Amino acid sequence: MTPVNVDDPLRVLGGTRRAFVVPDRKILYISVAKNACTTIKWLVSELAGEDPRQFFLGAGPYVNRDEGIHVRSRWERTPTLNLLEPGLRAQISPKNGWFVFGVVRDPRSRLFSAWQNKFLMRNPAYVQWRDQPWYPRVPQRAEDIVEDFAAFVDLLHSHPDTPVADDAHFQPQVPYLAEDVVPYSSIYEIGRLDRLLADLEAHVRPQGWTRELRLRRSNDTPLRARADVFAGPVREQVDALFHQDLQRFGDLWDFSRLESVPPWSADALSGLRAQIAMSERITDLIGQVKAARRRTSTRGDLRFTEVSRQLDRARAGEGGVRPQEADPLWRRAARPVVRRLRSRLRR
Amino acid sequence: VRIERVSAPIPLLNGISPPGNSFVVPDLKIVYMSVTKAACTSLRWMIADLAGEDLEQFYTALGAQQTRLMTIHGTRERWQHTPQLGQLSPEQLAEISTDNGWFVFAVVRDPWSRIWSAWQSKFLVRHPFYEGYQDEPWYPAVPTSQEGIIKDFRAFLDVRPWTWDPQLSTDVHFLPQVVSVRPQGVNYSRVYDLADLGALFDDLRAHLASVGRPDQELYVPRANETPLPLIPPVLADGVAEVIEELYADDFAAFGDRWDRESMLRGDASWSDDAIAHAAYHTRANERIGDLSKQARELRRKFRRAAGLNQSLRGELDRLHGAAARRPVARVRRRAGRLRRELGERLRARRDQR
């Protein structure tokens with residue numbers, strides 16, 4: 001572990017893509033997955049003066065345009081911490097007029113939201129797990145969802161070394177917030193984004209910001225977490241997995257609030273199934289775009305280059321070079337083998 | 001007494017050219033005339049399955065279809081065993097008749113819910129094919145409330161763009177169903193109603209038994225592209241009557257099977273979940289449209305590159321051919337030189353002698 005430099009504590013976070021610095025506005029946002037991060041990233045990008053068009057998506061595993069904001073390499077005016085001058089980085093602190101913030105969420109509803117969004121709804125980046133026994137079925141009844149979520153929680157609890165446990169969406173928030181090195185102005189509970197917005201507005205108004213700050217609506221999960229999802233051993237298992245979050249922020253959350261969430265409606269379940277069908281189609285199209293790119297670059301451009309080269313040699317041949325020199329037999333024989341090897345390497 | 005029929009079988013078509021919306025399954029003696037927004041997704045899958053089409057290959061369509069199920073509406077070339085009537089020979093076409101044991105059918109739907117469904121699936125949820133209309137004042141907003149959605153639907157009916165817009169005026173989703181069904185031009189076994197698909201499936205099973213497939217199961221997947229069902233407030237304030245006027249031809253042909261009063265019963269509102277679901281459709285459709293565009297652009301690029309490759313290869317072959325002929329000419333030239341040298345030497349010797 002890199003030792004903390006007391007003069008430049010943020011250095012230890014290196015080039016983490018979760019840090020969004022807006023130097024001109026003295027803002028640092030530490031993003032935590034599944035905590036309104038799509039909405040907040042769009043807000044930060046607006047404050048940073050990013051061009052929204054640069055977030056237009058290619059064939060990445062995303063299900064809507066808004067998710068283009070997660071492609072960190074597209075941000076041009078919002079550096080990561082390692083790209084800052086050490087002197088500037090050392091200055092980042094509320095004491096120096098910086099607004100440093102993060103957002104936390106009840107780990108129970110966060111885990112259910114992440115599982116729903118990534119697995120139940122067939123996110124294209126997660127269909128690689130579809131053959132696993134714990135991969136949820138397309139739900140016909142609410143009970144299917146409860147059972148399949150329980151199976152997933154059991155997997156995380158019983159097999160902490162499972163590869164899926166390495167995914168930030170399914171890990172505790174406390175390590176990502178890194179409070180030991182990040183001098184927060186405030187860490188907001190996800191239900192208090194109105195307060196975040198007010199504080200942020202109060203921070204940027206004196207800088208000459210005149211527009212109203214607004215949060216985009218981003219409803220990527222149709223089903224709210226309910227208490228019965230955590231019945232049996234599930235709640236205990238989740239609490240054990242996320243004990244760090246509960247120890248640090250537990251007073252912010254009251255499990256009984258989940259008990260007042262009404263049962264999922266038939267419309268919500270049918271909407272979920274339709275969304276799954278759309279995600280499948282998006283996954284298919286992403287595959288088609290990637291395949292078309294491969295085909296165009298390998299069988300199109302490369303062949304084109306190859307034929308052009310041969311053609312140049314043959315044309316030169318008109319001026320005295322014999323055809324064998326233009327295209328020797330060994331090269332012709334080796335060509336299919338090379339093509340196969342290249343194709344395999346590319347795969 | 002043995003009675004024999006002496007008259008010719010009733011022809012399938014009454015003097016019209018073979019409709020392009022026909023799906024023929026020759027082995028099973030079935031003709032389906034597809035009518036958009038009348039269970040056509042489910043029925044096309046059913047026909048594709050009966051015809052023995054490779055169902056999964058439809059998924060590879062590059063169009064902006066919303067779901068895998070909707071890919072059945074991709075290009076007709078994907079259908080390998082289900083010709084259109086126009087692709088049959090005159091003899092094959094002449095053989096098709098209900099008198100010869102063919103099952104010829106279509107399905108229609110009440111125009112109130114049909115135009116509602118068409119507007120919803122094409123405009124409200126922002127089908128990418130219709131994004132060219134986004135700047136029109138009657139283009140609906142992203143759905144957030146029941147009042148807003150109904151207001152936008154009524155604006156669409158007020159403007160009725162399918163009656164004057166060049167593209168929409170040929171769009172069968174908005175045209176009366178008689179345009180697709182041609183009730184006077186086609187001799188059907190029966191034209192069914194969407195509300196009575198059970199009768200269609202019963203009759204179809206009986207037909208399949210008659211052609212030797214008594215145990216054939218029907219594959220009828222349910223497509224769910226319209227999250228908001230038709231509710232009475234949509235048709236209130238004279239909207240039902242406006243639709244009756246706009247689709248008078250459908251009411252004239254099939255109106256006896258539809259009842260306005262029954263459309264005005266039932267739930268009076270959509271749930272928040274249903275409206276949120278409709279809003280989600282718009283976002284997913286944007287992404288589907290973007291990906292479809294990218295995929296089709298790459299296909300065009302590949303085709304252009306392949307075409308250029310082919311022409312370059314042609315030139316290469318020509319040059320190789322020319323080069324291959326060069327050694328012969330060289331040998332001839334050398335032989336000529338040798339001959340001339342020999343001739344000169346011989347002449348020189350003769351001169352010395």
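Predicted, not measured: the structure shown is a model, and the values here were computed from it.
Counting heavy-atom pairs closer than 4.5 Å to chain A, the top residue among B:Arg287, B:Arg304, B:Arg299 is B:Arg287. Listed options B:Ser271, B:Ala64, B:Ala279, B:Ser292 were ranked by heavy-atom pairs under 4.5 angstrom with chain A; first place goes to B:Ser271.
Take A:Tyr62 and apply the ring-ring contact (aromatic ring centres under 6.0 Å, His included) test, not counting sequence neighbours, and it matches no residue. Residues that satisfy the side chain to side chain donor-acceptor pair (under 3.5 Å) test with B:Lys151, not counting sequence neighbours, are absent from this structure.
Both the backbone and the side chain of B:Gln65 come within contact range of chain A, judged by heavy atoms closer than 4.5 Å. In this structure, chain A has a heavy atom under 4.5 Å from the side chain of B:Thr71, while its backbone stays farther away.
Remark: aromatic rings of B:Phe153 and B:Trp119 are close, center separation under 6.0 Å. Taking the six-membered ring wherever Trp is involved, the centroid distance between the rings of A:Phe119 and A:Tyr126 falls below 6.0 Å.
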